[in-house]
Each structure stands twice: as structure tokens, then as C-alpha cells.
2 protein chains.
Amino acid sequence: MSVAADAIMGSMTSVPRRTTPAAVKVHDTILDRLGERIVSGQVPAGERLVAADWGEELGASRTAVREAVRVLESLGMVSVRRKSGITIRPSTDWMAFAPEIVRWRLRGAGRLVQLHELSELRAAVEPAAARLAASTADGVARAALGAAVQDMVTHADRANGADYLAADVRFHATLLRASGNSMFAGLTAVIEEVLVGRTEQELMPQTADETALRLHQEVAHAITRRDGEAAARAMTAIVDEADRAVQSLPL
Amino acid sequence: MSVAADAIMGSMTSVPRRTTPAAVKVHDTILDRLGERIVSGQVPAGERLVAADWGEELGASRTAVREAVRVLESLGMVSVRRKSGITIRPSTDWMAFAPEIVRWRLRGAGRLVQLHELSELRAAVEPAAARLAASTADGVARAALGAAVQDMVTHADRANGADYLAADVRFHATLLRASGNSMFAGLTAVIEEVLVGRTEQELMPQTADETALRLHQEVAHAITRRDGEAAARAMTAIVDEADRAVQSLPL
DNA sequence: TCGAAGAATATGTACGATGTATTGACGAGA
DNA sequence: TCTCGTCAATACATCGTACATATTCTTCGA
């Protein structure tokens with residue numbers, strides 16, 4: 001790989017060091033490459049590897065590789081032991097709700113399975129969060145919810161665009177936080193991944209679905225009038241509809 | 001293996017006491033100290049710190065601090081910018097599901113709040129997992145569920161003991177995995193925390209509640225006969241009862 | 001007063017050196 | 001032949017140093 005070779009050359013010669021891409025940090029790049037590789041199954045569970053190999057292959061220093069491996073370890077994807085090296089752990093041990101892992105799974109062959117599983121998770125969590133939000137949301141949160149819905153309506157003619165997506169993400173993120181439960185709020189990043197992934201998979205129509213918009217408004221209104229059951233019902237309908245879109249995909 | 005499960009294995013006679021994993025590695029020690037400090041609020045959100053200070057204070061090199069900070073960053077607890085240093089992010093951005101964060105919260109003053117939030121999460125997730133398991137669980141999983149219930153019955157006279165707790169944990173863990181959804185399965189460790197924590201808080205009676213045992217059996221039976229709705233109903237009753245116990249605690 | 005150039009600073013990255021736990025080979029003894 | 005202890009090799013663990021780079025702060029000039 002020429003990039004790696006270039007990086008190695010650059011580090012050997014003192015003056016012309018390779019200029020790294022501005023916004024991207026090396027350890028983030030390493031982490032991303034390694035994570036994607038493990039999730040995709042290119043490195044099977046139980047495989048034992050040596051950190052130095054990764055560093056050499058990717059043209060990065062031990063420092064960068066170590067930092068990436070440390071994160072992979074905290075994600076439960078690898079275990080590190082002296083002398084033995086780095087062992088890939090079975091996928092059942094992974095922190096499946098970590099945004100990074102979700103993103104990697106959405107990027108690979110298992111993306112439809114991941115989307116479906118995320119839908120099932122949403123179906124369980126989001127109605128419950130809506131029910132809680134109806135009793136705990138303060139004025140600021142209610143206003144934010146309404147504003148997010150309004151933005152969705154505004155950009156309804158480009159439902160597959162970035163503005164609509166941003167409003168949709170803001171709606172669900174606001175609601176999860178408004179539930180007052182930090183566990184639910186912690187799912188924000190994961191929910192965001194599925195919404196972004198859905199748009200990237202081109203599952204969104206050009207024009208927003210009337211029913212979907214109405215349901216979002218219904219959730220916001222129900223929370224405003226503190227009707228938890230109605231909020232949960234409408235949210236259930238939202239995630240059910242989203243799951244149907246995923247289900248319609250060809251496996 | 002999770003901390004909770006390990007503790008269960010280690011002690012059969014008394015309530016397992018979760019100890020701080022003897023972090024033999026410096027960066028694990030740093031991570032643990034920093035994480036606990038942030039979660040406890042000793043370093044408030046928005047605070048800007050310098051990595052070198054932490055290193056000097058804890059007597060560790062910059063390398064070790066960097067690795068710990070990298071993990072904290074992946075947990076959403078801090079953001080790192082050049083020159084600006086390390087900024088503590090608001091708790092709403094944290095990955096509340098990370099075992100580390102749950103452990104830190106259970107260790108500090110927010111222990112009871114954390115337990116209550118875990119109950120709310122269970123109420124949302126476990127009935128859904130039971131419904132899924134009814135249609136996807138294979139023979140092995142069904143047998144494991146039945147065996148776990150049987151163990152609970154066997155140790156019903158010591159419902160506040162380690163054996164009953166272990167069977168209870170095994171029941172819920174098996175069910176979550178049997179759902180066939182890796183996101184639900186990934187919540188196993190977190191669910192374990194609340195079960196162990198409930199016993200530690202001495203919320204369990206000496207003799208197991210008749211109703212609770214019957215409900216667990218009902219879940220297992222419903223899953224065996226593929227009755228998803230009945231399984232979800234019974235599981236809802238289980239978590240509702242568990243939540244009442246937590247609610248009774250003084251905040 | 002304002003803006004641009006430069007200094008200061010904290011993180012980003014690389015690498016060498018040394019410590020150390022773990023492994024696996026090897027050989028002695030039963 | 002088998003078992004067990006010893007020892008060398010290995011790969012991570014940690015520290016320290018050096019330099020790059022981005023961001024902020026300061027200073028100075030128009």
C-alpha cells in the first residue's frame with residue numbers, strides 16, 4: 001500500500017514528514033480501520049495478532065496503534081495480554097450499542113440485520129421514553145420538540161436531504177433527553193446512527209410521508225399536554241413505520 | 001466475564017461484593033480514577049483541564065494519561081482539542097450503557113438514581129426481548145430458561161443469597177440472548193448490574209416471593225409455547241414488581 | 001480601535017529504551 | 001515416556017524525549 005509506505009518513508013527521513021489530513025487524527029483513522037476490519041469478519045474471533053503488524057501495515061506508530069487498541073478493548077472487541085498479543089473477542093462480548101460498532105456494522109454486509117435490530121430496540125425504548133417525557137419534560141424541552149417538528153415540516157419536500165435528517169435527529173434526541181433517564185439519553189447516538197444510516201441507504205422518499213409528519217406532531221402535542229399514553233402510542237407508530245421501511249429492503 | 005458474574009462466581013455464601021478490579025495497568029488505574037472523578041461531579045461539565053496536570057498528579061506519564069483520555073473520549077465523557085485541552089462534556093452526552101460508567105455511578109452518590117433508571121430501562125427492554133424470544137428461541141435456550149427457573153425455585157428459601165441471585169441473573173441473561181437481537185443481548189451486563197445491585201441494597205426478602213417465581217415460570221412456559229404476548233405480559237409484571245422495590249428506597 | 005502577524009501553549013505523533021509478564025522450548029529427573 | 005522446573009524469547013507496558021501542528025493569546029502597526 002503506497003500510503004503506508006509513504007508514511008514510513010516520511011517518518012524515516014527527518015525533514016519531509018508526510019502532512020496528515022487536517023481534521024483527521026491518526027489514531028482515529030487506525031481505530032476506524034481496525035474496527036471495520038474486525039466487524040466485517042476479516043479478522044475472525046479468536047485470532048491472535050501483534051500490534052506491531054498493524055502499525056507497520058497502516059503506517060502508524062505504536063503510540064497511535066496503542067490508543068486505538070485501548071478503545072477497542074473498552075468496546076469489548078479485543079483483549080490484550082502480554083506476550084500473547086491482541087485477541088479478537090467473540091461478537092457476543094462486544095458493546096453492541098456503542099455508536100462506533102453500530103456504524104461499522106451499518107457500513108458492512110450486516111447493515112440490514114443491524115438496521116432491523118436497531119428498529120426492534122427503538123420499538124422498545126422510544127415509546128417508553130415518550131411516556132416518561134410526557135411527565136418530566138420542561139418548557140424548554142417541549143419547545144425544542146415543537147421546533148424540531150416544525151423544521152421537519154419546513155423541509156418536508158426534501159425528506160432525503162440533510163436538513164430534514166437534522167431536524168429528525170434533533171426531534172428524537174430531544175425526546176430521549178427529555179425522558180429524564182440518562183440510560184435513554186445515552187441511546188441518542190445510536191438512534192442518530194440509524195436515522196443517518198437510513199438516509200444514507202436511500203430509504204427516505206423525496207417527499208416526507210404525511211403520516212410520519214403527523215405522528216411526530218402528535219408526539220410533541222401529547223407530551224405538551226402531558227398525555228403519556230398518547231405520546232407512547234404515536235411513537236410506537238413512528239418506529240413501526242420505520243421498521244416496515246427497513247423490512248422492505250432486499251436481504 | 002462481567003464484574004457482576006465474576007463476583008457471583010467468587011462467593012457462594014454471602015452477597016457478592018463487587019470490588020474495584022485490581023487494575024494492574026497504569027492506564028486502567030488512571031481511567032478508573034478520572035472516570036470516577038468525572039461521574040461524581042468533582043470535575044464539573046464544561047471544565048477545561050490539561051492532560052499534563054492529571055499525569056503529574058497521578059504520577060503517570062503522558063502516554064498513560066493519553067490512553068485513558070482516549071477511552072474517556074470514546075465514552076463521550078470528554079472532548080479533546082488542541083491547545084484548549086480536555087473539556088468535560090455534559091452527562092447527557094455520555095454513553096450511559098458503558099459498564100465502566102454504570103460502575104462509576106453505582107459506586108458514588110448517584111447509586112439509587114442509577115438503579116431506578118436501570119429499572120425504567122428494564123421495563124422498556126425486557127418485555128420486548130421476551131416477545132422476540134418467544135418466536136426465535138431454540139431448544140437449547142428454552143431448556144436453559146427452564147433450568148434457570150428451576151434453580152430459582154430450588155434456592156427460593158434464600159432469595160437474598162448468591163445462588164438465587166445467580167439463577168435470576170442467568171434467567172434474564174439467557175432470555176436477552178435468546179431474543180436473537182444483539183442489541184438486547186448487549187444489555188446483559190447492564191441488567192446484571194441492577195439484579196446484583198438490588199441484592200446488595202438488601203431489597204430481596206429472605207424467602208422468594210411466590211408471585212415472582214410464578215411469573216418467571218410463566219415467562220419460560222410462554223416462550224416454550226411461542227406465546228409472545230403472554231411472555232411480554234409476565235415479564236412486564238416482573239420488572240414492575242422489581243421497580244417497586246427500588247422505588248421504595250429513600251432517595 | 002481593529003486586524004494581522006507572531007509568540008505561546010497543549011495536544012498529536014513518532015521513536016528509543018527499558019521493564020515485565022507470559023509463553024514455549026529444553027533438559028533433568030522419576 | 002512423562003512431568004516439572006528453568007531459561008530464553010517475545011510482545012506488551014511504561015516512560016521520556018523530540019518535534020509537528022493547530023489553536024489561542026499577545027503584540028504591534030495601520
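Everything numeric in this text was worked out from a predicted model, so none of it was measured. Lettering follows sequence order; numbering is per chain, from 1.
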Choosing from C:dG12, D:dT14, D:dA9, which nucleotide comes nearest the side chain of A:Lys83?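 For A:Lys83, the side-chain atoms sit closest to D:dA9.
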Measuring only between side-chain heavy atoms, which start at C-beta, is A:Thr87 closer than 4.5 Å to A:Arg81?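 Side-chain contact under 4.5 Å: no.
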Test item: A:Pro99 and A:Val102 side chains (from C-beta on) under 4.5 Å apart, heavy atoms: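 Contact flag for A:Pro99/A:Val102 side chains = no.
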Whole angstroms only, please: what is the [atom1]-[atom2] distance between [X] and [N]?
X       : N      : atom1 : atom2 : answer
A:Trp54 : C:dA14 : CH2   : C1'   : 20 Å
B:Glu56 : C:dA10 : CD    : C1'   : 15 Å
B:Asp28 : D:dC12 : CG    : C1'   : 13 Å
A:Arg66 : D:dC15 : CZ    : C1'   : 11 Å
A:Leu49 : D:dT10 : CG    : P     : 18 Å
B:Ile86 : C:dG12 : CD1   : P     : 8 Å
A:Arg82 : D:dT10 : CZ    : C1'   : 12 Å

Whether the side chain of A:Asn160 engages the backbone of A:Met204 through a donor-acceptor N/O pair (distance < 3.5 Å, no angle test) should be reported.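 Side chain of A:Asn160 to backbone of A:Met204: no pair is present.
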May I ask you to decide if A:Ala137's main-chain N or O and A:Arg142's side chain share a donor-acceptor pair within less than 3.5 Å?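 A pair under 3.5 Å: yes.
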Closer than 4.0 Å, any side-chain N/O of [X] to the OP1 or OP2 of [N]?
X       : N      : value
A:His27 : C:dG12 : no
A:Arg81 : C:dT23 : yes
B:Lys25 : D:dA13 : yes

Which part of the nucleic acid does B:Arg48 contact within heavy-atom distance under 4.0 Å: base, sugar-phosphate only, or nothing?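 Counting heavy atoms under 4.0 Å across all strands, no contact is made by B:Arg48.
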Side chain A:Thr63 and base C:dC15 donor-acceptor under 3.5 Å: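 When only heavy-atom distances are counted, A:Thr63 does reach the base of C:dC15 through a donor-acceptor pair under 3.5 Å.
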A:Arg62 (side chain) and C:dG16 (base): donor-acceptor pair under 3.5 Å: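 Answer yes: a donor N or O sits under 3.5 Å from an acceptor.
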Give a yes or no on whether a salt bridge exists between B:Arg33 and B:Glu57, defined as a side-chain N under 4.0 angstrom from a carboxylate O.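 Looking at B:Glu57 together with B:Arg33, the answer is no, because their closest N to O distance does not fall below 4.0 Å.
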Using heavy-atom distances to pick each residue's nearest nucleotide on DNA chain C, tell me which of A:Ser84 and B:Ala51 is more 5'.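 The answer here is B:Ala51.
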